[in-house]
K.L.:
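Have a look at this one.
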Amino acid sequence: MDYSPRDIEQKWKQYWEDNEVYKVSNHSDKPKYYVLDMFPYPSGSGLHVGHPLGYIASDICSRYKRLKGFNVLHPMGYDAFGLPAEQYAIESGVHPAVSTFENIARFRKQMDNLGFSYDWSREVMTCDPAYYKWTQWIFLQLFQHYYDKSAEKAMPVAGLVAHFEQEGNSGIKAASNQERIFSAAEWANMTPREKDEVLMNYRLAYRKVTYVNWCEALGTVLANDEVKDGVSERGGYPVERKPMMQWSLRITAYAERLLNDLQELEWSESMKAMQSNWIGRSEGAQLFFGLEGSDEKIEIYTTRADTIFGATFMVLAPEHDLVAKLTTPKQRAAVDEYLSYVKTRSERDRVSDVKAVTGAFIGAYAINPFNGAKIPIWISEYVLKDYGTGAIMAVPADDERDRRFAEKFGLEIIEIIDKSMHPGATIEDKVGVMINSDFLNGMEVLDAIEAIMQRIEDMGIGKRQVNYKLRDAIYSRQRYWGEPFPIVYDPDGVAHAMATNDLPLELPELDDFKPASGGVSPLGRATDWVNLAHGWKRETDTMPGFAGSSWYFLRYMDARNEKEFASQQALNYWRDVDLYIGGTEHAVGHLMYSRFWHKFLYDKELAPTKEPFRKLINQGMIQGVIESVYYHKEERRFYSAELAKAMDTNGFAEIPVHIDFISEYGSDESYLSAEGIRQFKNWRQEYQSTEFVFSPGSDKFYTKSEVGKMSKSKFNVINPDDVVAQYGADCFRMYEMFLGPIEQAKPWDIKGISGVSNFLRRFWGLFFDDKGNFNVSEASPAKEEWKILHQAIKKVSEDIERFSFNTCVSAFMVAANELKKLNCNKREVLEPLVLLIAPFAPFVAEELWNRLGHEGSIHANGQYPAFNPEYLKEDSVQYPIAINGKTRGTVDFPADARKEDLEKAAVELEMVKKWADGKTIRKVIVVPGRMINIVIG
RNA sequence: GCCGAAGUGGCGGAACUGGUAGACGCGCUGGACUCAAAAUCCAGUGGUGGCAACAUCGUGUGGGUUCGAGUCCCACCUUCGGUACCA
């Protein structure tokens with residue numbers, strides 16, 4: 001019988017479903033193993049060939065661990081809230097839930113087609129009220145907790161209130177933005193509204209006015225990582241800074257732990273580096289400067305307190321509170337002009353011209369606390385309101401930006417570090433000897449930092465301070481398709497948590513999804529839903545995309561629990577994710593927020609581990625090839641690529657072409673044939689009568705090919721279904737693995753797939769005779785056959801353990817080639833081989849296992865074959881013989897030959913004598929079992 | 001700029017702790033089968049020279065360590081990813 005993937009894959013897919021082969025229990029004596037994929041956003045374009053790369057790898061690991069005797073949790077779900085569905089709803093009027101469920105159904109079908117071993121009984125969707133009930137619940141926990149720096153964990157706000165009632169807010173070490181110290185009496189006198197505002201400064205989920213990334217086109221606020229190069233990541237719309245009342249999460253409270261605990265994770269160095277850069281910890285000093293003719297003080301933050309004698313001016317962020325107070329009447333006009341300039345500057349402008357130096361003098365002077373020097377105060381947009389204290393002492397001699405600023409505005413520069421002993425050291429390097437710096441003179445920089453820090457603390461003008469780049473995460477979105485906040489406001493505007501019993505708070509029905517006016521979410525239109533009795537109102541914002549994805553890995557452990565987000569039994573059994581596979585694009589956002597939520601739940605003793613994801617593998621992107629034609633903008637004609645490139649390409653627009661029309665797709669020679677041009681014109685009616693300019697004598701219209709993202713808008717999406725239809729899922733799976741290391745990005749290229757397809761046929765053929773009858777012999781294998789088997793077992797299991805799946809596929813090919821050569825059809829060799837290949841090609845393995853006479857599924861009942869090194873032992877070893885390190889030939893020696901004997905024998909070899917002719921043998925190096933090198937000179 | 005990853009045949013890639021560079025696959029060349037083609041099977045395939053044995057060069061570039069370097073060290077170049085006035 002011929003290998004027919006279509007039939008066997010259909011058959012076993014059905015069998016797996018009918019028999020719930022992949023259903024996992026939370027009660028087992030077996031050791032646990034949790035393999036997780038980053039769940040997808042169910043986009044309208046469906047799965048392309050890039051998505052499954054990680055899913056295949058994780059599926060191989062899951063199946064492998066299962067055969068190795070582990071109880072494996074391997075779930076899948078959908079990150080189903082999100083902007084695209086809502087944008088689509090605005091355009092088409094289709095409810096986001098409807099399009100989302102359609103997309104999910106499509107994704108599910110595509111995934112089933114690939115033979116994954118997911119336990120679908122645990123499927124989660126973040127937009128399902130049964131799921132987001134618990135997202136809301138965790139949010140309320142965050143709302144009702146603050147971070148206590150003494151206890152180094154989250155504590156209930158109720159305890160904080162009790163403390164305020166007893167002693168005010170002194171004596172509390174908490175992560176907060178409460179600046180004012182108040183007494184118990186003052187607390188007692190506060191109005192509910194005032195108390196609410198104070199508590200908001202402590203809560204882990206809190207509301208405050210923040211400068212946010214406002215995206216007018218999307219009508220919503222975006223998180224920092226949803227903005228790329230000043231435009232929205234989804235849609236590419238402009239983003240501007242705008243102050244708005246927003247919910248935020250106090251992730252900064254966990255900055256230190258998020259940084260320190262990275263150490264214990266088995267993540268790539270680059271991934272850890274990205275996280276640690278994002279957290280951006282720095283050690284420095286918080287320090288007060290007095291002002292001339294004023295009692296006010298300016299608080300600054302610096303990591304280079306040693307350079308204070310070189311501080312010749314100060315710079316405040318334009319938004320700094322003191323700017324209005326300190327500006328002198330004389331400078332008022334100049335300052336106002338500068339402030340209005342800053343307002344016109346979007347985040348995008350600031351990012352794009354980093355080198356431009358702008359600023360204004362406000363007329364006031366600060367006093368250097370060490371030498372009484374009068375230093376002018378400026379404002380400039382290069383100082384950020386949100387970092388440190390929003391104010392710096394500028395040291396033009398030792399800071400690149402300060403120097404540029406001083407040069408532009410003609411400010412004094414005092415050299416304070418002699419770097420002559422360190423040629424090549426840059427301005428940023430902390431090396432050299434202090435000069436012009438009073439009591440610091442002659443000290444090395446690092447000593448000087450320590451010395452002045454001590455002095456600052458002794459003088460009581462400042463203290464050591466650790467700062468982070470990490471910002472609190474803005475948590476409000478003015479959108480419909482997200483989790484509603486379980487928060488109600490009383491008539492005073494005080495926020496109250498909804499009762500847990502009333503969760504989930506479901507989204508109201510709407511038929512218009514456009515934002516309401518004034519930056520209010522579409523929920524503002526649902527007046528019946530928003531307005532409650534006695535003047536109470538609901539929150540109209542919804543939660544951001546990362547809300548549901550920050551804890552979904554815990555929900556899988558006990559996905560249908562209606563009483564808790566997951567039972568303690570389930571949490572304590574599965575604990576954490578042993579292997580997490582996903583793309584790097586989530587390096588900072590999702591992984592950081594998940595770690596934060598997990599740590600919070602750990603503090604509450606609701607999660608059993610400090611970290612959620614022990615081992616992380618980042619699969620590389622599979623890119624597509626974008627094909628486009630050159631359109632001459634003035635002549636309004638298309639030019640063949642080789643012609644266009646010879647001309648000034650600026651005059652051309654590149655019009656993307658659907659890859660289905662292209663001949664030789666993906667090669668350098670890709671072109672449109674006459675038929676392709678016809679299809680193109682049909683597809684883009686507006687070019688119906690546009691002329692195509694060819695090279696003289698050529699009938700090929702060449703297109704431009706470039707490697708890039710697979711996307712619907714580039715018309716280059718390759719659907720795995722098409723590949724599976726032609727070659728089968730087993731072949732598709734093995735081919736994707738065969739392409740190269742899982743972590744590397746690579747362009748999709750179908751050319752090599754025939755090699756894998758041939759291999760599967762050959763593998764299948766081992767079990768059948770010439771007439772196509774199943775024919776497996778019970779004879780005992782020869783030594784050589786055992787060796788082939790055990791070489792494969794060794795190689796494949798070692799390589800799975802180190803996630804080197806491409807070399808596993810090679811190992812299978814080698815084994816099949818060699819067994820074929822020996823015409824081996826012996827059960828004792830073939831049966832273990834079927835088990836070995838089962839994680840990679842689950843359908844073929846299942847069919848052959850069945851034909852070998854086994855009942856039930858190989859994936860449920862099989863046992864991974866054990867490696868026995870006895871079979872690899874050889875009587876003799878082939879030694880490479882090198883002369884002066886260059887291999888000149890090989891000679892067989894007995895495997896147990898002693899080193900001394902080998903040395904003697906080697907010198908006697910004909911070939912060695914030939915090379916040594918006329919010269920002396922100086923040294924013989926023997927590495928037993930490996931090689932022999934003879935040094936001649 | 002800074003941080004990280006990577007540069008190996010025509011192509012995807014292998015070589016795990018320094019020990020026969022190019023496994024495996026694609027492609028290409030030749031052959032078998034066929035009326036023919038496809039499919040399949042067999043053989044060959046880094047460059048140069050040679051009928052051949054063999055020689056010689058060869059892992060981004062330049063230097064170093066070593067009996068021996070794709071692998072370790074130093075300097076540089078290129079590509080990709082992240083980040084960007086962070087005081």
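Every chain is numbered from 1, with letters handed out A, B, ... down the list of sequences.
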K.L.:
Would you kindly give the CZ-to-C1' distance between A:R762 and B:rA39, to the nearest whole Å?
P.N.:
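Atom-to-atom, A:R762 to B:rA39, this comes out as 14 Å.
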
K.L.:
Taking only the P atom of each, what is the distance from B:rU79 to B:rC74 in whole angstrom?
P.N.:
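One P to the other, the span is 23 Å.
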
K.L.:
Between A:V935 and A:G752, just flag the one whose closest nucleotide in RNA chain B comes earlier from the 5' side.
P.N.:
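Looking at RNA chain B, the more 5' nearest nucleotide goes with A:G752.
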
K.L.:
Indicate yes or no: at least one non-hydrogen side-chain atom of A:I800 is less than 4.5 angstrom from one of A:F840.
P.N.:
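The answer is yes, as the side chains (C-beta and beyond) meet within the 4.5 Å cut-off.
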
K.L.:
Look at all strands and tell whether A:D402 reaches a base, only sugar-phosphate, or nothing, counting heavy atoms closer than 4.0 Å.
P.N.:
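Nothing: the residue A:D402, judged by heavy atoms under 4.0 Å, touches no strand.
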
K.L.:
Can you check the A:F805 CZ to B:rA23 P distance for me, whole Å?
P.N.:
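Nearest whole value for this atom pair: 23 Å.
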
K.L.:
So, using side-chain contact (heavy atoms from CB on, under 4.5 Å) as the criterion, who are the partners of A:I750 when residues are at least two apart?
P.N.:
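For A:I750, the residues satisfying side-chain contact (heavy atoms from CB on, under 4.5 Å) (neighbours in sequence not counted) are A:V723, A:W748, A:I753.
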
K.L.:
With rounding to the closest Å, how many angstrom separate the C1' atoms on B:rG64 and B:rC54?
P.N.:
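That atom pair is separated by 32 Å.
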
K.L.:
Taking B:rU59 as the reference, what is the distance to B:rA36 when you measure between their C1' atoms (whole Å, please)?
P.N.:
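Per the computed distance, 45 Å lies between those C1' atoms.
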
K.L.:
To the nearest Å, give me how far apart CD (A:E283) and P (B:rC86) are.
P.N.:
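Rounded to the whole Å, the gap is 18 Å.
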
K.L.:
Tell me, please, which residues at least two apart from A:H320 pass ring-ring contact (aromatic ring centres under 6.0 Å, His included).
P.N.:
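With neighbours one apart ignored, the set is empty.
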
K.L.:
In whole angstrom, what separates A:L766's CG from B:rC41's P?
P.N.:
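Rounded to whole Å, this separation is 12 Å.
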
K.L.:
At 4.0 Å (heavy atoms only), tell me whether A:A273 reaches a base, stays on the sugar-phosphate, or touches nothing.
P.N.:
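Sugar-phosphate contact only - A:A273 comes under 4.0 Å of backbone atoms but never of a base.
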
K.L.:
Just how far, in rounded Å, is C1' of B:rA87 from CD1 of A:I375?
P.N.:
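Roughly 14 Å, once rounded to whole Å.
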
K.L.:
Quick one: side chain to side chain donor-acceptor pair (under 3.5 Å) pairs with a partner in residues 388-398 of chain A, sequence neighbours left out?
P.N.:
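Applying side chain to side chain donor-acceptor pair (under 3.5 Å) to every pair that reaches into residues 388-398 of chain A, excluding sequence neighbours, yields A:R304-A:D398.
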
K.L.:
Check A:M737 against A:V809 and note the closest heavy-atom contact, atom names and distance.
P.N.:
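Smallest interatomic distance, heavy atoms only, reads CB-CG2, 4.2 Å.
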
K.L.:
Please report, rounded to the nearest Å, how far the C1' atom of B:rC85 is from the CD atom of A:E319.
P.N.:
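About 13 Å, once rounded to whole Å.
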
K.L.:
For a quick test of reading the model: is some side-chain N or O of A:N884 closer than 4.0 Å to OP1 or OP2 of B:rG68?
P.N.:
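Answer no for this pair, as no side-chain N or O of A:N884 is under 4.0 Å from OP1 or OP2.
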
K.L.:
Between the protein and nucleotides 42-44 of chain B, are there any N/O to N/O pairs under 3.5 Å, and if so, what are the atom names and distances?
P.N.:
none

K.L.:
OP1 or OP2 of B:rA87 sitting under 4.0 Å from any side-chain N/O of A:Y387?
P.N.:
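Yes, such a contact exists.
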
K.L.:
With sequence neighbours excluded, what pairs up with A:Y727 under the side-chain hydrogen bond (donor to acceptor under 3.5 Å, both in side chains) test?
P.N.:
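Result, side-chain hydrogen bond (donor to acceptor under 3.5 Å, both in side chains) vs A:Y727: none returned.
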
K.L.:
Can you sort out the partners of A:E407 under salt bridge (Lys or Arg N to Asp or Glu O under 4.0 Å), two or more places apart, ordered by chain and number?
P.N.:
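Listed in chain order: A:R403.
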
K.L.:
Phosphate oxygens OP1/OP2 of B:rA84: is one of them under 4.0 Å from a side-chain N or O of A:N277?
P.N.:
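No, because none of the side-chain N or O atoms of A:N277 sits under 4.0 Å from OP1 or OP2 of B:rA84.
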
K.L.:
Paired stems touching RNA chain B, three or more consecutive Watson-Crick or G-U pairs with both distances under 3.5 Å?
P.N.:
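RNA chain B stems, ordered by first number: B:1-7 with B:77-83, B:10-12 with B:24-26, B:27-32 with B:40-45, B:46-49 with B:54-57, B:60-64 with B:72-76.
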
K.L.:
Round to a whole Å and report the spacing from CD of A:E269 to P of B:rU83.
P.N.:
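For the pair A:E269 CD and B:rU83 P, the rounded distance is 18 Å.
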
K.L.:
Dump every N/O contact between nucleotides 7-14 of chain B and the protein below 3.5 Å, one line per pair.
P.N.:
residue : atom : partner : partner atom : Å
B:rG12  : O2'  : A:L739  : O            : 2.6
B:rG13  : OP1  : A:Q744  : OE1          : 3.1
B:rG13  : O3'  : A:N806  : ND2          : 3.3
B:rA14  : OP1  : A:N806  : ND2          : 3.0

K.L.:
I'd like the C1' distance from B:rC16 over to B:rG9, given in whole Å.
P.N.:
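Rounded to whole Å, the distance is 23 Å.
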
K.L.:
Does a donor on one side chain sit under 3.5 Å from an acceptor on the other, for A:E381 and A:Y338?
P.N.:
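No pair is found: no donor N or O on one side chain lies under 3.5 Å from an acceptor on the other.
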
K.L.:
When the P atoms of B:rC35 and B:rA43 are considered, how many whole Å apart are they?
P.N.:
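Taking atom P in both B:rC35 and B:rA43, they lie 25 Å apart.
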
K.L.:
Mind checking if A:T584 touches a base, just sugar-phosphate, or nothing, with heavy atoms under 4.0 Å?
P.N.:
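Here A:T584 touches no strand at all.
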
K.L.:
Mind checking what makes ring-ring contact (aromatic ring centres under 6.0 Å, His included) contact with A:F805, not counting sequence neighbours?
P.N.:
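Per chain and number, A:F805 pairs via ring-ring contact (aromatic ring centres under 6.0 Å, His included) with no residue.
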
K.L.:
Please enumerate all residues that pass side-chain contact (heavy atoms from CB on, under 4.5 Å) together with A:A792, with sequence neighbours excluded.
P.N.:
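side-chain contact (heavy atoms from CB on, under 4.5 Å) check on A:A792 returns A:A815, A:L833, A:L836.
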
K.L.:
Using atom P in both nucleotides, what's the gap between B:rA15 and B:rU20 to the nearest angstrom?
P.N.:
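13 Å, rounded to whole Å.
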
K.L.:
Write down the distance separating the P atoms in B:rC11 and B:rU65, rounded off to the nearest Å.
P.N.:
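After rounding to an integer number of Å, I get 33 Å for this pair.
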
K.L.:
Using a 4.0 Å heavy-atom cut-off across all strands, classify A:R888 as base, sugar-phosphate, or nothing.
P.N.:
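Touches sugar-phosphate only.
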
K.L.:
Mind checking side-chain contact (heavy atoms from CB on, under 4.5 Å) for A:A406 and listing every partner two or more places apart, or none if nothing turns up?
P.N.:
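Counting only residues at least two positions away or on another chain, A:A406 forms a side-chain contact (heavy atoms from CB on, under 4.5 Å) with A:F313, A:P396, A:L411, A:I413.
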
K.L.:
When the distance from CD of A:E400 to C1' of B:rC86 is rounded to whole Å, what number comes out?
P.N.:
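The distance from CD of A:E400 to C1' of B:rC86 comes to 15 Å, rounded to the nearest Å.
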
K.L.:
With sequence neighbours excluded, what pairs up with A:M453 under the side-chain contact (heavy atoms from CB on, under 4.5 Å) test?
P.N.:
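Applying side-chain contact (heavy atoms from CB on, under 4.5 Å) to A:M453 gives A:A285, A:I449, A:R464.
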
K.L.:
Are the side chain of A:Y468 and the backbone of A:T252 linked by a donor-acceptor contact shorter than 3.5 Å?
P.N.:
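No, A:Y468 side chain to A:T252 backbone: no donor-acceptor pair under 3.5 Å.
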
K.L.:
If anything within 90° of 0 is syn and all else is anti, what is B:rG12?
P.N.:
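Because its glycosidic torsion lies more than 90° from 0, B:rG12 adopts the anti conformation.
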
